[in-house]
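Below, chains carry the letters A, B, ... as their sequence lines are ordered, and counting in each starts from 1. As the structure is a prediction and not an experimental result, all values here were calculated from the model. These values consider heavy atoms only, across backbone and side chains, with no hydrogens, waters or symmetry-generated copies.
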Amino acid sequence: MDEQGCPRCKTTKYRNPSLKLLVNVCGHSLCESCVDLLFVKGSGVCPECNTSLRRTNFRLQLFEDPFVEKEIDIRRKVLRDYNKKEEDFATLEDYNDYLETIETIVYNLSNHINIDETKRMIEQYKKDNREQIKKNQSKLSKDEEMLESLIEQEQQETLMRKAMIKQDEQREKAAKRKHKDDLIDDLMFSELSAQAIITSYRESAKQEEEEFKAKSAATAFSTGIKIGHQNNVVPMSRTEQGVMYRYCPLVMEWCGPDPPSMDDIYSDGYLKNIRLASDAEKAGGFREAIACHRALQEAFCGLFSYPTISPSPLKQPALAASMSH
Amino acid sequence: MFANSSQHKYWLFSGETELAKHRAEANKTYIEHYRQGQTDEEVAKFFLTPAEERILGRQYEVVLRKFCSEFQPPMPKCVIGTSLAFFKRFYVFNSTMDYHPKDIMLTCVYLACKVEEFYVPIGQFVKNLRGDREKFADAILSFELTLMGKLNYQLTVHNPFRAMEGFMIDLKTRHQELHNPEKIRKYVEEFLDRSLLSDACLIFSPSQIALAAIKFGAAKESISLDGYIKTVVLRLASDKEAENTLYQLRRVKAIVKSFEPTTREQAQAVQKKLDRCRNQENNPDSDIYKQKAIDKLNAEDDIPAVKRTKISQDNGS
């Protein structure tokens, strides 16, 4: 793929990462500085195709291919006139034919095929359907309507919820105040001892509070999950847990007597009989015992090897494979 | 470790009888394929017999070792061991008539250098050869893949050299009756060098060869290591295992000692015969080989060319 760049000054995105490519109706891109330079007066011609352009019509190139931008422009313009909806047609086939015509027009215009003829066709269509075009412009499509109604519904729900919370709070406050008043009245006029009155009130207050809590929890639960808010609740994905890893110590197959272990090498004085590692080697992590260990392992490994006279089946694939090459 | 290596699994044979059987089979397969209705007498005259193939193989093993010992930069012993092992393994299932040992020999050394981490670039490698070096380089590189394929890509070779060092260390530590083990080293190394030319590496494990070498070296200095082997090395082995091991040690010695080099005259006579009956498709000097190489090159060229035209068509549309 070629590097994206300005066709006039040949700057590329690679050389200037902050390069901004702009595009106009003709579908040829220009970088921002070139536009500043060429369109000082507010209008000029495209250096590629000599179409006269206005500076205000330049906009940021979103797609890598400027041709796509051009097509989008044309499509938008065409759709402003060809704005019939599916409901305006008697059959689905008619509607599809109509969509097909739009595509042909867009394709012709963006590829410079039969431009005059196509333009004439558009004019004709405009003339024929002037009223309907106007009507449709003011009318919203079915999809848009649905979206709008959804948003409205959501807003109403939020309002309702807020009102409910407010009501609850008020009710609670009122209950508390009433409670206090009752308590003072009782203390003033009742015949029971003050202590007993206070404890009985405290208990009833506690009970009420608990009741309220349970109620509010339930409401939070029932209102918390609503159509518009479902997305906020991300269910925890449960990861599949495999079988736990279990460490199995490595069992060496020697096919021979067990060689001296690393401990034996240190304790039996093997190290006296080999060249000691130099300081430089030690710094690199080398120990003379490692080399000694390896030599001993190689010495003892395979001592019992005793190939049987009949060729083992294991040898057959080697034979077959090497013959087939 | 050797015990679970491909060498142990696939490249150890029960003995010389089994090896001879495989080699005879390879010989027969080649002749059956190329005899073109010749009578048995003509076949015997024209093609190599298994015995003649062995002479040739042995001759080239000697040449290979000589080439290695004169190689510049001097190569470690394990490279020699590995290249000889490759060479021997290759000719167990292939006939010398199919692939000329001269080409395979150099390829084995080149591959062994890589496997043993003693890499010598091909340009420097062929400087050790006299003659048309470019041609040698081409031949080596073209046979390299074939060789690896025939070896079943089992390229790790366990050599007896490190095992021998292990036994030397063990001797010094656990068998202190032997006062100066270093004095036997000369004979031990001699034995190992000789073992390289025999089929020992296709029959015995490297540790068996190494122990046999140690035993042999000590015997030369009239020291018996039977006590060490029985009471130290095989102390925990079962009777059966100990018996087998001792038997194998005796066999190593017999096979290595019975090896006799081929004479120059014998080898030359066989080579003359080979020049006529070898497979020309694998001869880098033959016209068939060259034609094949050119065809292959063209075929490789064709594929990208086709793709390119397709792409340009796509662009055009």
Give a yes or no on this: more than 12 heavy atoms of other residues, nucleotides or ligands lie within 6.0 Å of atom [atom1] of [X].
X: A:Arg59; atom1: CZ; value: yes
X: B:Glu182; atom1: CD; value: yes
X: B:Glu177; atom1: CD; value: yes
X: B:Asn180; atom1: CG; value: yes
X: B:Lys88; atom1: NZ; value: yes
X: A:Tyr107; atom1: OH; value: no
X: B:Lys183; atom1: NZ; value: yes
X: B:Glu32; atom1: CD; value: yes

If I measure from the heavy atoms of chain A, does [X] come under 4.5 Å with its side chain, its backbone, both, or neither?
X: B:Ile169; value: both
X: B:Leu234; value: side chain
X: B:Tyr247; value: side chain
X: B:Asp98; value: neither
X: B:Gln248; value: side chain
X: B:Ala237; value: both
X: B:Arg235; value: neither
X: B:Val233; value: both

inquiry  = For a quick test of reading the model, state the closest non-hydrogen atom pair linking A:Cys255 to B:Ala3 and the distance between them.
reply    = CB-CB, 3.9 Å
request  = Heavy atoms only: give me the nearest A:Gly302-B:Ser207 pair and the separation to one decimal.
outcome  = C-OG, 3.4 Å
key: Criterion side chain to side chain contact (heavy atoms under 4.5 Å, CB included) on B:Phe167 and A:Leu296, from CA distance to verdict   = CA-CA 7 Å; B:Phe167 279 123; A:Leu296 287 168; over 6 Å; no
query = Would you say B:Gln208's side chain and A:Leu303's backbone share a donor-acceptor pair under 3.5 angstrom?
reply = yes
Side-chain heavy-atom pair B:Arg174, A:Pro260 within 4.5 angstrom cut-off = yes
query = With side chains defined as the heavy atoms from C-beta onward, is the minimum distance between B:His8 and A:Ser305 less than 4.5 Å?
reply = yes
inquiry  = For a quick check under 3.5 Å, do A:Asp268 and B:Thr173 share a side-chain donor-acceptor pair by atom type?
reply    = no
request  = Take B:Asp170 and A:Phe300 through the side chain to side chain contact (heavy atoms under 4.5 Å, CB included) test and state the conclusion after the steps.
outcome  = CA-CA 10 Å; B:Asp170 200 47; A:Phe300 286 90; 3.4 Å; yes
message = To the nearest 0.5 Å, what is the distance between CG on B:Leu12 and OH on A:Tyr306?
response = 13.5 Å
key: Stepwise side chain to side chain contact (heavy atoms under 4.5 Å, CB included) check, A:Glu253 with B:Met1   = CA-CA 8 Å; A:Glu253 194 186 313; B:Met1 283 284 104; over 6 Å; no
